[in-house]
Amino acid sequence: MYQIAVCEDETLVWESLCGMCGEILSERNISYEITPFSSAEALEGAMAAGARFDLLCLDILMGGKSGMDFARQLRQRDEKISVLFITNSQEFLKDGYEVRPIQYLFKPVDREQLARALETDLRLHHQPDTVTVRTGAGITVLPLDELWYAESRDHLTVVKLEQGERSFRIRLSDMEELLPKDRFCRCHNSYLVNMRRISKLDRKGLVLENGEWIPIGRSYYKAAQEKLVRFLNQS
């Protein structure tokens, strides 16, 4: 789950930010939790108590400790957590490079710019490398980059890998829940495809990089096309 903290002392601004972040992540089928904070001190207290976040959306100027000061102190102990600055002025831009923010966004925050910032952070920092499949037979860890597609076949889910196939006694819908929704596309009642492996899509089907052809269901075509275009634009 993608965990976001929105730290902003203006109620209307944090409500807007939380709402837009939720809409953007829901549209991309990304599981998330967003927690608002009205001050850097409140966020600091929550993290000291054990709260963990993937991304901090920090207002640079707030009553009390500034978002910039909070980020500087954070970087002394945490190099991995992502920071997105929200600001009214360009005068602070030069001061923030030391904390390596993923982006600066100016108020009022533009939804498309926010979407691009979230997509960048997810792509660079939060892409899983493997998927773990648990069945009655045990636990199997599959490398996502080697997974081409999953097929429902003879009451099994058959996974096509770089080297051979693996079969699991689970439903394709269960496999769909396990795989990252921003990387895998349901194109047919019987197929889930790794979008990194698609070289061509039309109404007849998908062609993969190895030349293999995968059928596409009529009811899946539009959603699969839109998802593939969005994926390619983010790559």
Side-chain angles (χ1 to χ4, degrees), residues 1-4 22 24-34 52-55 80 82 118-235:
M1 180 179 290
Y2 190 48
Q3 300 275 0
I4 301 177
I24 291 163
L25 295 171
S26 294
E27 289 168 2
R28 288 150 179 79
N29 295 314
I30 294 169
S31 177
Y32 67 90
E33 184 174 1
I34 303 170
R52 295 291 177 265
F53 301 102
D54 300 300
L55 173 66
K80 293 183 178 180
S82 300
L118 294 179
E119 289 163 357
T120 296
D121 185 54
L122 285 163
R123 184 175 69 252
L124 294 179
H125 303 128
H126 305 289
Q127 288 283 8
D129 298 319
T130 62
V131 60
T132 301
V133 183
R134 293 177 174 85
T135 65
I139 296 175
T140 303
V141 179
L142 301 174
L144 290 174
D145 283 342
E146 296 181 17
L147 200 163
W148 286 64
Y149 61 84
E151 177 188 0
S152 178
R153 188 196 307 167
D154 299 327
H155 305 292
L156 300 172
T157 291
V158 180
V159 174
K160 173 66 180 295
L161 300 163
E162 290 278 2
Q163 304 293 329
E165 296 180 344
R166 296 291 302 270
S167 298
F168 301 95
R169 195 168 293 282
I170 63 174
R171 297 174 299 178
L172 188 64
S173 58
D174 295 328
M175 180 63 76
E176 186 175 13
E177 288 302 310
L178 295 175
L179 295 171
K181 294 178 174 58
D182 58 337
R183 291 172 64 179
F184 286 81
C185 174
R186 186 72 176 260
C187 64
H188 190 277
N189 285 337
S190 299
Y191 287 93
L192 274 167
V193 180
N194 186 342
M195 289 186 285
R196 289 184 176 177
R197 300 298 188 176
I198 297 174
S199 63
K200 181 182 178 182
L201 178 151
D202 59 31
R203 292 188 179 276
K204 296 179 181 179
L206 306 171
V207 179
L208 305 184
E209 291 174 345
N210 63 357
E212 193 168 352
W213 182 82
I214 302 292
I216 188 166
R218 180 181 300 178
S219 62
Y220 291 93
Y221 174 74
K222 183 176 180 181
Q225 183 187 50
E226 292 175 352
K227 194 169 186 179
L228 180 60
V229 169
R230 186 163 60 241
F231 173 80
L232 293 174
N233 287 336
Q234 294 172 17
S235 302

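Start at 1 with the first residue, then count along the sequence. Just so you know, these numbers use all the heavy atoms, side chains as well, and skip hydrogens, waters and symmetry mates.
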Q) Between L208, L228, L147, which is the residue that forms a side-chain contact (heavy atoms from CB on, under 4.5 Å) with V193? A) L208

Q: Calculate, to the nearest 0.5 Å, the distance between atoms OH and CG belonging to Y2 and D54 respectively.
A: 6.5 Å

Q. Considering only heavy atoms from C-beta outward, does the side chain of D182 approach that of E119 to under 4.5 Å?
A. no

Q | Sidechain-backbone polar pair: S167 side chain, V158 backbone, donor-acceptor under 3.5 Å | A | no

Q: For residues G22 and I34, report the shortest heavy-atom separation together with the two atoms involved.
A: N-CD1, 3.5 Å

Q.
Determine whether R197 and E162 satisfy the following criterion, salt bridge (Lys or Arg N to Asp or Glu O under 4.0 Å), listing intermediate values before the conclusion.
A. CA-CA 11 Å; R197 300 298 188 176; E162 290 278 2; 2.5 Å; yes

Q: Measure the spacing between CG of N194 and CD1 of I198 and express it to the nearest 0.5 Å.
A: 8.0 Å

Q. Atom OG in S199, atom CG in L206: separation rounded to 0.5 Å?
A. 9.0 Å

Q: Evaluate the side-chain contact (heavy atoms from CB on, under 4.5 Å) criterion for residues M195 and K227: first the C-alpha distance (whole Å), next the side-chain angles of each, then the deciding distance (0.1 Å), finally the verdict.
A: CA-CA 9 Å; M195 289 186 285; K227 194 169 186 179; 3.9 Å; yes

Q. Which value, rounded to the nearest 0.5 Å, describes the distance between L161 atom CG and L142 atom CG?
A. 6.0 Å

Q | Reported CZ-to-SG distance for the pair R230 and C185, which is rounded to 0.5 angstrom | A | 10.0 Å

Q | Nearest atoms (heavy-atom pairs only) where A224 meets I216 | A | CB-CD1, 4.0 Å

(Q) Do the side chains of R169 and D174 get close enough for a salt bridge, i.e. N-O under 4.0 angstrom? (A) no

Q | Note: R52-E33 ion pair, threshold 4.0 Å (strictly below) | A | no

(Q) Consider side-chain contact (heavy atoms from CB on, under 4.5 Å). Of V133, T140, L156, T157, which one does R166 pass it with? (A) T140

Q.
Is there a side-chain contact (heavy atoms from CB on, under 4.5 Å) between L25 and L122? Walk through the geometry before answering.
A. CA-CA 10 Å; L25 295 171; L122 285 163; 3.9 Å; yes

Q | side-chain contact (heavy atoms from CB on, under 4.5 Å) assessment of H188 paired with I214 | A | CA-CA 9 Å; H188 190 277; I214 302 292; 5.8 Å; no

Q: Working to the nearest 0.5 Å, report the span between CD of E212 and OH of Y149.
A: 3.5 Å

Q.
Any carboxylate oxygen within less than 4.0 angstrom of a Lys/Arg side-chain nitrogen, looking at R153 and E165?
A. yes

Q. Which pair of heavy atoms, one from R186 and one from Y191, lies closest together, and at what distance?
A. CD-O, 3.3 Å

Q: Determine yes or no for a side-chain-to-main-chain donor-acceptor pair under 3.5 angstrom, with R183 supplying the side chain and F231 the backbone.
A: no

Q: Decide side-chain contact (heavy atoms from CB on, under 4.5 Å) for I4 and Y32; before the verdict, give the C-alpha distance in whole Å, the side-chain angles of both, and the deciding distance to 0.1 Å.
A: CA-CA 8 Å; I4 301 177; Y32 67 90; 5.6 Å; no

Q) Just wondering, are more than 12 heavy atoms of other shown residues or ligands nearer than 6.0 Å to CG in D154? A) no

Q: Over all heavy atoms of both residues, which pair between L172 and N189 is shortest? Give the atoms and the distance, please.
A: CD2-O, 3.5 Å

